[in-house]
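So the structure is just underneath, and the comments pick up after that.
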Amino acid sequence: QLQLVESGGGFVQPGGSLRLSCTASGFTLNYYAIGWFRQAPGKEREGVSCISSSGGSTKYGDSVKGRFTISRDNAKNTVYLQMNSLLSEDTANYYCAASFGSDCVLTESGMDFWGKGTLVSVSQ
């Protein structure tokens with residue numbers, strides 16, 4: 001099985017923090033750039049952040065710059081998304097996706113396969 005599994009979602013108050021994890025099974029992430037995307041009901045899926053296969057390059061969507069940090073640990077076959085200063089507008093299903101190659105990709109068309117998602121709810 002080739003699989004990406006997200007974890008770490010949950011319910012948090014505004015201003016709080018969560019750390020999402022994306023772990024691969026059935027393949028190694030060493031040759032894949034990883035992107036985080038999110039989608040709320042009735043809205044288009046948007047790119048949140050991406051990281052190159054080596055971890056040397058990262059990108060962030062404008063709405064999360066300064067608040068979110070992406071990182072990876074290839075030895076653990078895992079990519080993380082640290083989310084701080086969360087806002088109600090961050091509420092969404094969060095998905096990780098893998099793109100073969102070393103470039104940081106933050107477009108849906110550039111991704112080869114996706115995880116099932118994890119829900120992040122930010123509310124009082």
Side-chain angles (χ1 to χ4, degrees):
Q1 290 181 320
L2 302 179
Q3 194 172 33
L4 290 172
V5 178
E6 302 95 336
S7 62
F11 183 89
V12 65
Q13 294 183 353
S17 298
L18 288 172
R19 189 180 75 161
L20 305 183
S21 298
C22 174
T23 300
S25 62
F27 69 102
T28 177
L29 288 181
N30 288 22
Y31 297 137
Y32 291 83
I34 298 295
W36 282 98
F37 299 80
R38 67 186 183 185
Q39 187 171 28
K43 297 183 178 180
E44 295 183 0
R45 186 173 296 180
E46 65 173 333
V48 176
S49 184
C50 64
I51 187 167
S52 63
S53 60
S54 68
S57 297
T58 60
K59 295 180 181 178
Y60 297 92
D62 289 340
S63 62
V64 306
K65 288 180 179 177
R67 300 188 297 119
F68 291 10
T69 303
I70 192 169
S71 62
R72 68 189 299 155
D73 187 343
N74 283 347
K76 296 182 178 179
N77 224 24
T78 298
V79 174
Y80 304 98
L81 183 68
Q82 179 67 46
M83 306 186 296
N84 298 327
S85 302
L86 283 163
L87 307 170
S88 60
E89 293 80 14
D90 296 317
T91 296
N93 284 304
Y94 283 72
Y95 304 85
C96 67
S99 175
F100 185 76
S102 61
D103 290 341
C104 182
V105 177
L106 200 52
T107 59
E108 294 182 52
S109 61
M111 314 313 295
D112 294 316
F113 49 94
W114 297 73
K116 300 295 184 181
T118 185
L119 178 63
V120 172
S121 297
V122 185
S123 180
Q124 289 289 348

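This chain uses plain numbering: 1 for the first residue, then up along the sequence.
Following chains of ILVMFWY side-chain contacts shorter than 4.5 Å, one cannot reach Val105 starting from Leu29, and the two form parts of different hydrophobic clusters. Under a hydrophobic-cluster definition in which Ile, Leu, Val, Met, Phe, Trp and Tyr are linked whenever side-chain heavy atoms come within less than 4.5 Å, directly or via other members, Leu18 and Tyr80 are assigned to different clusters. Hydrophobic clustering of Ile, Leu, Val, Met, Phe, Trp and Tyr side chains at less than 4.5 Å, counting indirect connections, keeps Ile51 apart from Leu106.
In this structure Tyr32 satisfies the ring-ring contact (aromatic ring centres under 6.0 Å, His included) test together with Phe27, Phe100, Phe113, sequence neighbours excluded. The side-chain hydrogen bond (donor to acceptor under 3.5 Å, both in side chains) test applied to Ser17 returns Asn84, not counting sequence neighbours.
In this structure, Leu2 and Gly26 approach most closely via the heavy-atom pair CD2-O, 3.2 Å. Taking each heavy atom of Val79 and Ile34 in turn, the nearest pair found is CG2-CG1, 3.6 Å. Between Gly110 and Ser99, the closest heavy-atom pair is O-OG, 2.8 Å. When all heavy atoms of Gly101 and Ser53 are compared, the pair lying nearest together is O-CB, 3.8 Å. Of all non-hydrogen atoms in Trp36 and Cys22, the two that sit nearest each other are CZ2-CB, 3.6 Å.
From Cys96, atom SG reaches atom CE of Met111 across 8.5 Å, with rounding to the nearest 0.5 Å. Atoms CD1 and CD, from Ile70 and Gln82 in turn, are 12.0 Å apart once rounded to the nearest 0.5 Å. Rounded to the nearest 0.5 Å, atoms CG (Asn77) and OG1 (Thr23) are 7.5 Å apart. Going from atom NZ of Lys59 over to atom OG1 of Thr107 covers 8.5 Å, rounded to the nearest 0.5 Å.
Between Phe68 and Leu86, some side-chain heavy-atom pair lies under the 4.5 Å cut-off. Considering only heavy atoms from C-beta on, Leu4 stays 4.5 Å or farther from Tyr95 through its side chain.
Annotation: cation-pi pair Arg45/Phe37 absent, no NZ/CZ under 6.0 Å from the ring centroid and within 45° of its normal.
For the salt bridge (Lys or Arg N to Asp or Glu O under 4.0 Å) condition, the pairs that include at least one residue of residues 20-38, sequence neighbours left out, are Arg38-Glu46, Arg38-Asp90. Counting only residues at least two apart or in different chains, salt bridge (Lys or Arg N to Asp or Glu O under 4.0 Å) contacts with residues 72-81 are absent. Applying the side chain to side chain donor-acceptor pair (under 3.5 Å) test to residues at least two apart or on different chains, none of the pairs has a partner in residues 114-124. Sorted by first and then second residue, the salt bridge (Lys or Arg N to Asp or Glu O under 4.0 Å) pairs involving residues 98-115 (not counting sequence neighbours) form an empty list.
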side-chain contact (heavy atoms from CB on, under 4.5 Å), that's the test. Do Glu6 and Leu20 meet it? Break it down for me. CA-CA 7 Å; Glu6 302 95 336; Leu20 305 183; over 6 Å; no

Apply side-chain contact (heavy atoms from CB on, under 4.5 Å) to the pair Phe11 and Leu119, showing each step before the final yes or no. CA-CA 8 Å; Phe11 183 89; Leu119 178 63; over 6 Å; no

